[in-house]
Protein chains: 2
Amino acid sequence: MGAKRGPADPERRERIMAATERILLDGGIAGLSHRAVAREAGVPLGSTTYYFATLDDLLEAAIRRLSERYAHRLQRWGSQLGTLSRAELVEALADLVETQLRESRAELVLSFELASVAMRRPELREAALLYAETEREVLAVHTDERTARALSRILDGLLLQSLASATPPTRADITGPLEALLSP
Amino acid sequence: MGAKRGPADPERRERIMAATERILLDGGIAGLSHRAVAREAGVPLGSTTYYFATLDDLLEAAIRRLSERYAHRLQRWGSQLGTLSRAELVEALADLVETQLRESRAELVLSFELASVAMRRPELREAALLYAETEREVLAVHTDERTARALSRILDGLLLQSLASATPPTRADITGPLEALLSP
DNA sequence: GTTTTTTGTGTACGACCGTACATAGATCCG
DNA sequence: CGGATCTATGTACGGTCGTACACAAAAAAC
């Protein structure tokens, strides 16, 4: 019952998952295939099917990693904030939206794609919801639970329409709905 | 320059588009192929490629039809309403959300899938935005433009999370964000 | 050492696909 | 009538894919 067996190249698995993430981020689920991953990772086809027998295994592993990274980023953002007034929270959230759109576009697109795929494939639901859960948890630190849920909805709508439309949203597009919700 | 030429079976094109809609609605874009449409419509493969040479032609035609039908439904909903108080508008919108989730689930799922695909393929953007545009127009009849935009965002977020999550939203889940926005 | 287990690879099968294209039938124009 | 034009179909090429599987190499167990 040794802990390590076989040629034990622990990088192998890592490299394959990293390649999978890259493929998902820039081609979406449609671009995912064992062969594409093998090419991207520089390993033979047999390696990808050995570690991840089915496409869903590959997908699930990559999604889990991406979600965890996203969660950490959100939590870091949350912990850098002190206690905020409502007005300050609006500005902080608007900054968050703008930053995400600028710096994490690919991750956002993928998370929406995942959500839409999960609507047809319940087995992917858990993976898809990791994003939303983290979001709500972080928001709940700064408001009550109910407002956090509403905020999460607005943020999703904002991000969705921003990513789908041709022109980026103005600051007012973002702050408008947030203010409406956060001004009691 | 006669209006009709050839064997002129006008149902042919119709049948193919109708079959395409059915395939998109229950299998999503991933299930779309010339062959699948041919099978569904009961026509030979050559027919589908004759009327719609590329997959995108097929997709665009079907999406346009679906969007128009969706727009009509929304407009009918809008015109059945008289002038409403803010509180009445909240209830009417919540009813709309619940009805859509119950009766037009497949259309909603497809519209989100389209939106997420359009994020990677700008040529599909126009088709994907038809849904959102109509929504905003109808909403703008009952509130000012700015509120309509915010509402549209909230509705998208609500529908997205409702479709992606395992359990349907409670009435409070729906009315919460709407009230927050519509109570000045 | 020998056997057993795990790690890793190459190949091949059957399926599906988009699209091109040669061809056939129908209709219209003159 | 005879072309010209449009409608409609069958087939076939070249490609991608998931997955199974036989097999080799390395490590572990004995």
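For the numbers below, each heavy atom of this structure counts, side chains included, while hydrogens, waters and symmetry mates do not. Throughout, protein chains are lettered first and strands after them, A, B, ... in sequence-line order, and every chain is numbered starting at 1. This structure is a prediction, so every number in the text was calculated from the model and none was measured.
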Flag for A/Glu113-A/Ser116: side-chain donor and acceptor within less than 3.5 Å: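 Distance-only check fails for A/Ser116 and A/Glu113.
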Donor-acceptor pair between B/Thr20 and B/Arg65 side chains, under 3.5 angstrom: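 There is no such pair between these side chains.
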Atom pair CD/CZ of B/Glu98 and B/Arg171 - distance to nearest 0.5 Å: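 Rounded to the nearest 0.5 Å, the CD-CZ separation comes out at 4.5 Å.
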Distance (rounded to the nearest 0.5 Å) between A/Leu110 CG and B/Met119 CE: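 Spacing of CG (A/Leu110) from CE (B/Met119) equals 11.0 Å.
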Round to a whole Å and report the spacing from [atom1] of [X] to [atom2] of [N].
X       : N      : atom1 : atom2 : answer
B/Ile16 : D/dT7  : CD1   : P     : 13 Å
A/Leu58 : D/dC17 : CG    : C1'   : 14 Å
B/Tyr50 : D/dG10 : OH    : C1'   : 16 Å
A/Phe52 : D/dA20 : CZ    : P     : 17 Å

Phosphate OP1/OP2 of C/dT6 contacted by A/Arg12 side-chain N/O (<4.0 Å):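 Checking C/dT6 against A/Arg12, no side-chain N or O comes under 4.0 Å of OP1 or OP2.
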Residue pair A/Asp156, B/Arg153: steps toward the salt bridge (Lys or Arg N to Asp or Glu O under 4.0 Å) verdict: CA-CA 8 Å; A/Asp156 272 14; B/Arg153 258 102 195 192; over 6 Å; no
Per-nucleotide protein contact string for nucleotides 13-20 of chain C, where B marks a base within reach and S marks sugar-phosphate only (heavy atoms under 4.0 Å, - for neither): ----BBB-
Please tabulate, for the side chains in residues 130-141 of chain A, all donor-acceptor contacts under 3.5 angstrom to protein atoms that are two or more places apart in sequence or on a different chain.
unit_1   : atom_1 : unit_2   : atom_2 : d
A/Thr134 : OG1    : A/Leu130 : O      : 3.0
A/Glu135 : OE1    : A/Ser152 : OG     : 3.1

